[in-house]
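Right, one structure below, let's go through it.
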Amino acid sequence: MTAFQGKDFTGFWETTPYSESHYREIRPDVQLITEIEAELGYRFPDAYVDLMRRQNGGLLNHQFFPFEGEEEAGIFVTGIMGIGRTKMYSLCGVFGSRYWIREWGYPPIGIVIGQTPSAGHQLIFMDYRECGSTGEPSVVLVDQEANYKITELAPDFESFIRGLRKKQ
């Protein structure tokens, strides 16, 4: 079964030169997906791979994820990292998942997949703590300024993407 059945992605991604030059990788093939999974030590959820085959990373027009616990009753997600190494904000790029864990001290709970407008002080992770490295991870917000507080946003990646709303 294909992820995102019935989901309309029209206008989901922001198409700007910055998004193209810093986020969007070429469409990933099976070999690249396997290599990046091995490099990071986690199997990607099918929904993440499905989305990256539609567009492999980028800035979002649908940026707002509502949830309780934040003053604004949600969080803004500026971009989703693609599968690759060549773009600055791809999973294995200069500012990829390992950079945030190694250089900023984020907890090694999984893969950093998204950024917020906080300039690195809040990141979106696929969290593998409960499911192991080959299971279906939840999606969480990790807040560096709150002593790396972890807040669950969605039980899985597809639910997270379906929950994103167009920016106001």
Side-chain angles (χ1 to χ4, degrees), residues 1-65 75-101 106 108-117 120 122-129 131-142 152-167:
M1 184 164 114
T2 303
F4 302 112
Q5 288 188 347
K7 169 98 172 117
D8 181 4
F9 282 98
T10 304
F12 181 79
W13 298 100
E14 185 176 288
T15 53
T16 63
Y18 186 85
S19 184
E20 293 295 316
S21 65
H22 288 74
Y23 278 88
R24 191 171 180 185
E25 291 272 0
I26 62 168
R27 186 180 185 150
D29 60 17
V30 172
Q31 180 180 343
L32 180 63
I33 293 167
T34 302
E35 288 173 3
I36 300 294
E37 285 178 329
E39 200 168 317
L40 294 175
Y42 298 97
R43 184 191 150 287
F44 300 141
D46 292 342
Y48 177 73
V49 172
D50 181 83
L51 183 65
M52 295 304 106
R53 285 187 169 149
R54 294 168 191 261
Q55 178 171 315
N56 195 7
L59 296 174
L60 302 172
N61 278 324
H62 293 220
Q63 292 184 336
F64 186 71
F65 189 88
I75 190 78
F76 282 91
V77 181
T78 55
I80 301 289
M81 294 180 181
I83 299 169
R85 298 179 185 91
T86 64
K87 300 299 174 141
M88 184 178 296
Y89 297 109
S90 59
L91 291 182
C92 291
V94 174
F95 296 117
S97 186
R98 285 190 283 172
Y99 167 82
W100 296 106
I101 293 167
Y106 274 89
I109 62 171
I111 303 170
V112 176
I113 56 159
Q115 299 187 323
T116 70
Q122 293 178 321
L123 295 173
I124 309 301
F125 274 74
M126 287 192 286
D127 180 358
Y128 288 82
R129 290 177 299 168
C131 66
S133 62
T134 61
E136 183 72 30
S138 61
V139 177
V140 300
L141 171 70
V142 181
E152 183 171 314
L153 300 176
D156 56 65
F157 185 78
E158 183 172 356
S159 298
F160 172 70
I161 294 300
R162 287 185 181 275
L164 288 168
R165 304 289 178 247
K166 190 162 177 63
K167 64 183 178 182

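- With rounding to the nearest 0.5 Å, the separation of CZ in Arg54 from CD1 in Ile161 is 11.0 Å.
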Applying side-chain contact (heavy atoms from CB on, under 4.5 Å), run through Ile75 and Phe64 and close with a yes or a no. CA-CA 6 Å; Ile75 190 78; Phe64 186 71; over 6 Å; no
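- Between the side chain of Ser90 and the backbone N or O of Gly84 there is at least one donor-acceptor pair closer than 3.5 Å.
- Taking both residues in full, the closest heavy atoms of Ser159 and Asp156 are given as N-OD1, 2.7 Å, listed atom of the first, atom of the second, then distance.
- A donor-acceptor pair is defined here as one N or O able to donate and one able to accept, closer than 3.5 Å; such a pair exists between the side chain of Asn56 and the backbone of Ile26.
- Classification of the Tyr106-Phe125 ring pair by plane angle, with boundaries at 30° and 60°, yields tilted.
- Screening Gln55, Lys87, Gln115 for a side chain to side chain donor-acceptor pair (under 3.5 Å) involving Tyr23 leaves a single residue, Gln115.
- Put simply, the side chain of Val139 does not reach to within 4.5 Å of the side chain of Asp127, judged on heavy atoms.
- Side-chain contact check for Val142 versus Trp100: every heavy-atom pair is 4.5 Å or farther apart.
- In this structure, the side chains of Thr116 and Phe76 stay at 4.5 Å or more apart for every pair of heavy atoms.
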Using the side-chain contact (heavy atoms from CB on, under 4.5 Å) rule, take Tyr42 and Met126 through it: C-alpha gap first, then chi angles, then the decisive distance, then the call. CA-CA 10 Å; Tyr42 298 97; Met126 287 192 286; over 6 Å; no
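- Atom OH of Tyr128 and atom CD of Glu136 lie 8.0 Å apart (nearest 0.5 Å).
- A pairwise comparison of heavy atoms in Met81 and Phe95 identifies CE-O, 3.3 Å as the closest pair.
- At a threshold of 4.5 Å between non-hydrogen side-chain atoms, the residues Phe44 and Ile33 count as touching.
- In this structure, the side chains of Thr15 and Asn61 stay at 4.5 Å or more apart for every pair of heavy atoms.
- Note that CD of Glu14 and CD of Glu20 are 10.5 Å apart. Values are rounded to the nearest 0.5 Å.
- Legend: salt bridge (Lys or Arg N to Asp or Glu O under 4.0 Å) pairs involving residues 29-44, not counting sequence neighbours, sorted by first then second residue: Glu35-Arg85, Glu39-Arg85, Glu39-Arg98, Arg43-Asp46.
- The shortest distance between side-chain heavy atoms of Val77 and Leu60 falls below 4.5 Å.
- Residues Cys131 and Pro137 are in side-chain contact: their nearest non-hydrogen atoms beyond the backbone lie under 4.5 Å apart.
- At a threshold of 4.5 Å between non-hydrogen side-chain atoms, the residues Phe65 and Arg165 do not count as touching.
- In this structure, Phe9 has its ring center under 6.0 Å from that of Phe4.
- No side-chain donor-acceptor contact under 3.5 Å links Thr78 and Gln63.
- Considering all non-hydrogen atoms of both residues, Ser19 and Leu59 come closest at OG-N, 2.9 Å.
- Atom CG of Leu51 and atom CD1 of Ile80 lie 7.5 Å apart (nearest 0.5 Å).
- For the atom pair Ile111 CD1 and Cys92 SG, the distance stands at 8.5 Å (nearest 0.5 Å).
- Annotation: the span from Tyr89 atom OH to Ser97 atom OG amounts to 14.5 Å, rounded to 0.5 Å.
- Heavy-atom minimum distance, Ala47 versus Glu158: CB-CB, 3.7 Å.
- Heavy atoms only, all atoms of each residue included: His62 and Gly11 are closest at CD2-O, 3.4 Å.
- Looking at Leu141, Val112, Val140 one by one, the single match for side-chain contact (heavy atoms from CB on, under 4.5 Å) with Ile124 turns out to be Leu141.
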